[in-house]
Amino acid sequence: LTSLGGDLGFNDNENLQVMSFTVLESIGGSLVINNNDALVSTSGLTSLKYIGQNVLFSSNAVLETLDALANIKQLAGGDLTVTNNTLLKKADGLSWLTDVSGSFTLSGNPQLSQCNMSNLTSVGSELSITDNQTIELLVMNSLKSVGGMMDISSNPSLKSLNMPKLKSVSEKMTIHSHVLLNELQL
């Protein structure tokens, strides 16, 4: 399978550990990976280059990385949501992403220590990075615009927030409750 016109969803699979779609390059609809208690990796989806709508990674108890997004540059049709993934440690799969046309939410991932989104230039709607207990470094060196509100809050271990090219946020911008924040580049 190299192309799928609609959605691809993996929901409530208690014993699913590995998924392998090694030649799947395109999903016309949404990619949903939700509530898979044993899923450790999505590396079997790294051939993906296009997702037409939303992306959701939520409540995957042992998922450690976002490998499935490693070759995605744009989410032209929807939202990117990464929430409540208990053991997610790295979000390196987001490093090549340049544009999210909808909202981008990164929230409630207690083991996430760093997030490199160095190529992200725009978020079409809301940008929300909240309640990630161990995140120390947020790198968004290329971010120029946010089409809605920007909320970066309650990340108690955050030490450095880098957005030196940010030119516009269409609504309010909130940066709060980061007791260790010592470097802020805007």
Side-chain angles (χ1 to χ4, degrees), residues 1-11 19 21 24-35 42 45-60 63 65-85 88 90-109 112 114-132 135 138-153 155 161-175 185-186:
L1 182 65
T2 59
S3 177
L4 177 64
D7 298 340
L8 178 60
F10 300 94
N11 300 292
M19 57 179 70
F21 288 80
L24 182 62
E25 293 182 359
S26 173
I27 297 172
S30 296
L31 173 63
V32 176
I33 299 176
N34 180 53
N35 201 28
T42 58
L45 292 168
T46 56
S47 60
L48 270 175
K49 293 182 176 102
Y50 175 81
I51 300 171
Q53 293 180 8
N54 302 312
V55 174
L56 172 68
F57 285 84
S58 182
S59 302
N60 298 292
L63 183 66
T65 66
L66 299 176
D67 295 340
L69 302 177
N71 292 309
I72 302 292
K73 293 192 177 67
Q74 287 187 317
L75 289 177
D79 301 332
L80 172 59
T81 306
V82 180
T83 60
N84 302 316
N85 297 287
L88 183 66
K90 296 189 313 185
D92 290 348
L94 302 175
S95 65
W96 293 108
L97 191 62
T98 61
D99 177 58
V100 176
S101 67
S103 65
F104 179 13
T105 303
L106 184 65
S107 179
N109 301 291
L112 185 64
Q114 63 182 347
C115 188
N116 180 356
M117 297 175 285
S118 58
N119 290 304
L120 184 66
T121 60
S122 67
V123 176
S125 187
E126 179 180 326
L127 173 61
S128 177
I129 302 174
T130 62
D131 301 311
N132 299 290
I135 197 163
L138 275 174
V139 178
M140 294 182 274
N141 291 337
S142 300
L143 185 65
K144 293 178 183 174
S145 67
V146 177
M149 102 176 191
M150 185 170 85
D151 179 17
I152 300 176
S153 60
N155 301 292
L161 176 58
N162 299 310
M163 297 182 285
K165 294 184 180 178
L166 186 64
K167 294 187 189 298
S168 69
V169 175
S170 294
E171 296 177 21
K172 76 176 183 175
M173 181 166 97
T174 306
I175 299 172
Q185 270 189 344
L186 292 176

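Basis for what follows: all heavy atoms, side chains included, without hydrogens, waters or symmetry-related copies. In this text the structure is predicted, and so the values were computed from the model without any measurement.
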Legend entry - Gap separating the CG atom of Leu138 from the CG atom of Leu106, nearest 0.5 angstrom: 7.5 Å
Legend entry - Test applied, side-chain contact (heavy atoms from CB on, under 4.5 Å); reference residue, Phe57; option that passes from Asn34, Leu88, Thr42: Thr42
Legend entry - Listed partners of Asn35 passing side chain to side chain donor-acceptor pair (under 3.5 Å), at least two apart: Asp12
Legend entry - Minimum side-chain heavy-atom gap Met163-Ile152 below 4.5 Å: yes
Inset, instruction - Nearest 0.5 Å please: distance from the CG atom of Leu4 over to the CG atom of Leu48. - result: 9.5 Å
Legend entry - Student check: side-chain heavy atoms of Val82 and Asn109 closer than 4.5 Å: yes
Legend entry - Side chain to side chain, Ile129 and Met117, heavy atoms closer than 4.5 Å: yes
Legend entry - Selection residues 97-108 - residue pairs positive for side chain to side chain donor-acceptor pair (under 3.5 Å), sequence neighbours left out: Asp79-Ser103, Asp99-Ser122, Ser107-Thr130
Inset, instruction - Calculate, to the nearest 0.5 Å, the distance between atoms NZ and CD1 belonging to Lys49 and Ile27 respectively. - result: 13.0 Å
Legend entry - side chain to side chain donor-acceptor pair (under 3.5 Å) partners of Ser153, counting only residues at least two apart: Asp151
Inset, instruction - Decide yes or no for Ile135 and Cys115: does some side-chain heavy atom of the first lie under 4.5 Å from some side-chain heavy atom of the second? - result: yes
Legend entry - Side-chain heavy-atom pair Asn54, Thr81 within 4.5 angstrom cut-off: no
Inset, instruction - Report the distance from atom CG of Leu186 to atom NZ of Lys167, rounding to the nearest 0.5 Å. - result: 13.0 Å
Legend entry - Gap between atom CG of Leu80 and atom CD1 of Ile51 - 0.5 Å precision: 8.5 Å
Inset, instruction - Measure the shortest side-chain to side-chain distance between Ile72 and Val55 over non-hydrogen atoms and say whether it is less than 4.5 angstrom. - result: no
Inset, instruction - Check Thr46, Leu45, Thr2 against Phe21 for a side-chain contact (heavy atoms from CB on, under 4.5 Å) and give me the one that passes. - result: Leu45
Legend entry - Side-chain heavy atoms of Met173 within contact of Val146, under 4.5 Å: no
